[in-house]
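Below: the structure, in structure tokens.
Numbers here simply count residues along the sequence, with the first being 1.
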Amino acid sequence: MSTGAVALIPARGGSKRVPGKNVRPLAGHPLIAYSISAARESGAFDAVVVSTDDERTAEIAEHYGAEVPALRPPELATTTSPDIDWIEHMLQVMERSGSSFELFAILRPTSPFRSGATIRAGSERLRGLGESIHSVRAVEPCRQHPGKMWLVHGDDLMTPLLLQPEELPFHSRQYQALPEVYVQSSSLELAWTRVVRAGRTIAGRRVAPLLVAGNEGFSIDYPDDWHAAERLLESGEARLPQVHVSPFAGAGAGAGL
């Protein structure tokens with residue numbers, strides 16, 4: 001019977017918006033190092049595993065203490081490949097080698113400020129809720145409320161994205177008077193592995209929230225996000241997980257670009 005937990009860190013070699021971002025240096029270490037370090041710091045996992053199609057990324061991941069049981073096949077590493085494909089691949093690779101787990105987490109390298117404590121809280125929340133809940137996902141308050149979003153039809157007409165109350169539409173209310181809406185953060189997802197096997201889904205149908213605060217949900221998805229991350233570090237507004245490994249050789253400025 002599987003009882004353990006595995007942290008899965010996706011790190012494709014290709015990235016169009018921020019080239020080489022997973023191994024690009026931030027504060028002296030490749031970006032991926034902070035997710036590996038946070039996973040290890042959390043104490044929530046029996047294994048920390050990186051899924052990548054890139055040999056250099058695999059070498060860097062192993063330097064920082066992660067396992068890379070196998071490279072991801074190229075057909076599972078395209079810009080449109082869904083998460084379920086690489087997760088199934090990696091779980092099957094580990095099962096063939098004798099390692100199986102009841103719980104997995106997805107820790108994307110693009111969320112460098114996510115802490116070990118938050119990861120541990122997410123793991124404890126899922127275990128505490130029991131198997132009636134399929135997964136836990138990090139969320140944060142939505143700054144751009146969908147009640148004020150519109151669909152544009154040609155040049156002359158637009159309609160609200162959401163069905164609006166007749167007496168006072170959402171788009172005519174102050175933000176504080178709108179229903180609370182949360183947006184998913186890419187920083188943390190946890191689920192039972194049986195959910196993957198039963199329905200080929202990474203979340204299932206019954207998803208519980210884990211509210212993240214501050215900059216833990218910050219995600220580097222565009223070039224200006226990278227500069228924003230550097231500014232947050234310089235100002236002291238954000239902190240990175242501690243990395244207890246010497247910098248990877250060759251990971252100087254500009255590496256991975």
Side-chain angles (χ1 to χ4, degrees), residues 7-40 48-68 71-83 85-87 89-90 105-116 118-119 138 140 183-189 202 212 214-235 237-243 245-257:
L8 299 176
I9 300 175
R12 280 194 317 117
S15 174
K16 289 187 176 180
R17 291 180 299 200
V18 186
K21 65 182 176 183
N22 291 321
V23 295
R24 182 174 173 175
L26 179 68
H29 294 282
L31 189 64
I32 194 173
Y34 300 108
S35 287
I36 295 171
S37 296
R40 291 166 61 87
V48 178
V49 173
V50 167
S51 171
T52 183
D53 59 319
D54 179 66
E55 291 185 1
R56 183 171 181 272
T57 300
E59 184 182 1
I60 292 172
E62 290 173 340
H63 173 82
Y64 285 98
E67 302 175 38
V68 186
L71 289 180
R72 191 192 306 185
E75 63 271 21
L76 305 185
T78 69
T79 56
T80 58
S81 298
D83 287 326
D85 287 351
W86 68 262
I87 288 172
H89 169 257
M90 190 51 68
I106 305 174
L107 305 178
R108 304 180 194 277
T110 46
S111 297
F113 304 133
R114 173 222 307 108
S115 68
T118 293
I119 296 170
E140 54 193 1
V183 60
Q184 68 182 37
S185 160
S186 60
S187 62
L188 181 60
E189 299 153 76
I202 64 171
V212 293
N215 291 302
E216 291 213 50
F218 182 93
S219 182
I220 298 176
D221 299 309
Y222 296 92
D224 56 341
D225 294 332
W226 193 279
H227 300 310
E230 293 175 326
R231 290 194 298 271
L232 287 169
L233 288 172
E234 289 170 4
S235 67
E237 296 176 67
R239 295 179 59 185
L240 292 164
Q242 283 193 316
V243 178
V245 178
S246 60
F248 179 79
L257 295 178

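- For Ile36 against Gly65, the heavy-atom pair with the smallest separation is CG2-C, 4.3 Å.
- Minimum heavy-atom separation, Ile119 to Ala39: CD1-N, 4.0 Å.
- Minimum heavy-atom separation, Pro247 to Tyr64: CA-OH, 3.4 Å.
- In terms of modelled atom types and a separation under 3.5 Å, the side chain of Asp54 and the main chain of Thr57 share a donor-acceptor contact.
- When atom types are taken as modelled, the side chain of Thr52 and the backbone of Ala11 share a donor-acceptor pair closer than 3.5 angstrom.
- Asp53 places a side-chain N or O within 3.5 Å of a backbone atom of Gly13 that can act as its donor or acceptor partner.
- Taking each heavy atom of Arg114 and Ser35 in turn, the nearest pair found is NH1-OG, 3.1 Å.
- Within 6.0 Å of CD on Glu55 lie no more than 12 heavy atoms contributed by other residues, nucleotides or ligands.
- Side-chain contact annotation: Gln242 with Ser37, donor-acceptor N/O pair under 3.5 Å absent.
- Going from atom CD of Glu189 over to atom CG of Leu8 covers 11.0 Å, rounded to the nearest 0.5 Å.
- Under the 4.5 Å side-chain criterion, counting only non-hydrogen atoms from C-beta, Thr118 is not in contact with Phe113.
- Residue Arg12 places its CZ atom among more than 12 non-hydrogen atoms of other residues, nucleotides or ligands, all under 6.0 Å distant.
- Under the rule for a side chain to side chain contact (heavy atoms under 4.5 Å, CB included), the partners of Asp221 that lie at least two apart in sequence or sit in another chain are Arg17, Lys21, Thr110, Ser219, Asp225.
- Counting heavy atoms from C-beta on, the side chains of Ile202 and Ile87 come closer than 4.5 Å.
- When each of Ser115, Ser185, Ser111 is tested with Glu216 by the rule side-chain hydrogen bond (donor to acceptor under 3.5 Å, both in side chains), just one qualifies, namely Ser115.
- Between Pro10 and Ile106, some side-chain heavy-atom pair lies under the 4.5 Å cut-off.
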Working for side-chain contact (heavy atoms from CB on, under 4.5 Å), residues Val212 and Leu188: CA-CA 9 Å; Val212 293; Leu188 181 60; 5.8 Å; no
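- With sequence neighbours excluded, no residue forms a salt bridge (Lys or Arg N to Asp or Glu O under 4.0 Å) with Arg72.
- Looking only at side-chain heavy atoms (C-beta outward), Pro112 and Ile220 come within less than 4.5 Å of each other.
- To the nearest 0.5 Å, the span separating CG on Asn215 from CG on Leu240 amounts to 10.5 Å.
- Rounding to the nearest 0.5 Å gives a distance of 8.0 Å between OG of Ser246 and NE2 of His29.
- Looking only at distances, no side-chain donor or acceptor of His63 sits under 3.5 Å from a matching main-chain atom of Ala33.
- Put simply, the side chain of Leu31 does not reach to within 4.5 Å of the side chain of Val23, judged on heavy atoms.
- Scanning all heavy atoms of the two residues, the minimum distance from Leu233 to Ala238 falls at CD2-O, 3.6 Å.
- Side-chain atoms of Tyr34 come within 3.5 Å of backbone atoms of Leu26 as a donor-acceptor pair (strictly under, hydrogens ignored).
- Electrostatic pairing of Glu237 and Arg231 does not count as a salt bridge here, judged by no charged N lying under 4.0 Å from a carboxylate O.
- The two atoms that bring Ser187 and Leu107 nearest to each other are O-CD2, 4.2 Å, heavy atoms only.
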